[in-house]
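Okay, here's the structure, questions in a sec.
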Amino acid sequence: MEYLGYRTSVEFDEEADIFHGKVLNARGVITFQGKSVDELHSALKDSVDEYLKFCAERGLDPGKPCSGRISLRVSPDVHSAALSAAASEGMSLNAWIAQTVEKAAQS
């Protein structure tokens, strides 16, 4: 689920018969819950809106969700080696870097 660029993870608590969600890409802790998908969407919207209101009232920077763009500077040698590695796998440099970063982030 996503709202205003804030992405979430959702888990189901079988004992309580309720879904619990957490915003993954916010500076603050934003959680929400619901018994149905509609309730989850509504609770997510309410929680994010409340978080943004809280930050605005206190003059805090809520942080912006990640855009998915990364500006990266490397040495020419690393650039060349990365191009070669991408080409050897039949990938564009962008796709190769994205895949490599994703693998590293998951470990």
Side-chain angles (χ1 to χ4, degrees):
M1 294 175 53
E2 187 173 317
Y3 176 67
L4 296 179
Y6 291 97
R7 291 182 335 230
T8 67
S9 68
V10 177
E11 295 181 5
F12 182 67
D13 181 340
E14 195 169 343
E15 286 183 30
D17 194 35
I18 197 163
F19 293 97
H20 295 278
K22 179 171 91 172
V23 173
L24 301 173
N25 59 333
R27 279 197 186 143
V29 176
I30 306 173
T31 61
F32 56 99
Q33 63 184 29
K35 288 191 167 273
S36 69
V37 173
D38 287 341
E39 282 185 21
L40 275 175
H41 282 285
S42 180
L44 169 60
K45 180 184 180 308
D46 292 346
S47 292
V48 169
D49 289 347
E50 188 62 32
Y51 168 72
L52 295 174
K53 179 181 171 188
F54 173 86
C55 289
E57 288 172 349
R58 287 161 180 76
L60 303 173
D61 178 7
K64 293 183 180 180
C66 297
S67 68
R69 293 179 167 265
I70 297 173
S71 179
L72 178 66
R73 297 194 193 288
V74 296
S75 71
D77 290 340
V78 170
H79 190 171
S80 179
L83 275 171
S84 294
S88 72
E89 295 186 31
M91 300 173 77
S92 70
L93 179 60
N94 187 72
W96 183 84
I97 290 172
Q99 177 182 0
T100 303
V101 170
E102 184 175 345
K103 284 179 185 176
Q106 292 175 353
S107 58

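Source: prediction; values computed, not measured. If you read the sequence from its start, that first residue is 1, and numbering goes on from there.
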**Val74-Trp96 co-clustered via ILVMFWY side chain contacts under 4.5 Å** = yes

**Message:** Ignoring hydrogens, what is the shortest heavy-atom contact between Gln33 and Leu40? Give both atom names and the distance.
**Reply:** C-CD2, 4.1 Å

**Request:** Please examine the side chains of Asp49 and Tyr3, heavy atoms only from C-beta on, and report whether any two atoms are closer than 4.5 Å.
**Result:** yes

**Message:** Is any side-chain heavy atom of Leu52 closer than 4.5 Å to one of Leu4?
**Reply:** yes

**Prompt:** If you count the non-hydrogen atoms of other residues, nucleotides and ligands that lie under 6.0 Å from CD in Gln99, is the total more than 12?
**Reply:** yes

**Complete:** In terms of heavy-atom contacts, Ala85 and Ser88 come closest through O-OG, 2.8 Å

**Request:** Would you indicate whether the side-chain heavy atoms of Asp61 and Arg27 approach each other to under 4.5 Å?
**Result:** yes

**Request:** Quick one: pull up CG in Asn25 and CZ in Arg7 and give me the separation to the nearest 0.5 Å.
**Result:** 5.0 Å

**Prompt:** Short question: side chain of Ser107, backbone of Ala104 - any donor-acceptor pair under 3.5 Å?
**Reply:** yes

**Complete:** Scanning both residues in full, the closest heavy-atom pair of Leu44 with Glu2 reads CD2-C, 4.1 Å

**Asked** Of all heavy-atom pairs between Ser92 and Ala86, which one has the smallest distance, and what is that distance?
**Response** O-CB, 3.8 Å

**Asked** Side chains of Thr31 and His20: does their closest heavy-atom pair fall under 4.5 Å?
**Response** no

**Request:** Before giving the answer on side-chain contact (heavy atoms from CB on, under 4.5 Å), spell out for Phe12 and Ile18 the whole-Å C-alpha distance, their side-chain angles and the decisive distance to 0.1 Å.
**Result:** CA-CA 6 Å; Phe12 182 67; Ile18 197 163; 5.8 Å; no

**Request:** Taking Ser47 for its side chain and Ile30 for its backbone only, find out whether a donor-acceptor pair lies under 3.5 Å.
**Result:** no

**Message:** Side-chain heavy atoms nearer than 4.5 Å, only ILVMFWY residues, links allowed to pass through others: does that put Leu72 and Met91 together?
**Reply:** yes

**Message:** I'd like to know if Leu83 and Val78 are part of one continuous hydrophobic network [Ile/Leu/Val/Met/Phe/Trp/Tyr, side-chain heavy atoms within less than 4.5 Å].
**Reply:** yes

**Request:** With rounding to the nearest 0.5 Å, note down the distance linking NE2 in His79 to OG in Ser84.
**Result:** 10.0 Å

**Asked** Shortest non-hydrogen contact from Tyr6 to Val48?
**Response** CD1-CG1, 3.8 Å

**Asked** CZ/Phe32 to NZ/Lys22 distance, rounded to the nearest 0.5 angstrom?
**Response** 11.0 Å

**Message:** Within a 6.0 Å radius of atom CD on Glu57, are there more than 12 heavy atoms belonging to other residues, nucleotides or ligands?
**Reply:** yes

**Message:** Please find the pair of heavy atoms, one from Phe19 and one from Ser36, that lie closest to each other, and give the distance.
**Reply:** CD1-N, 4.4 Å

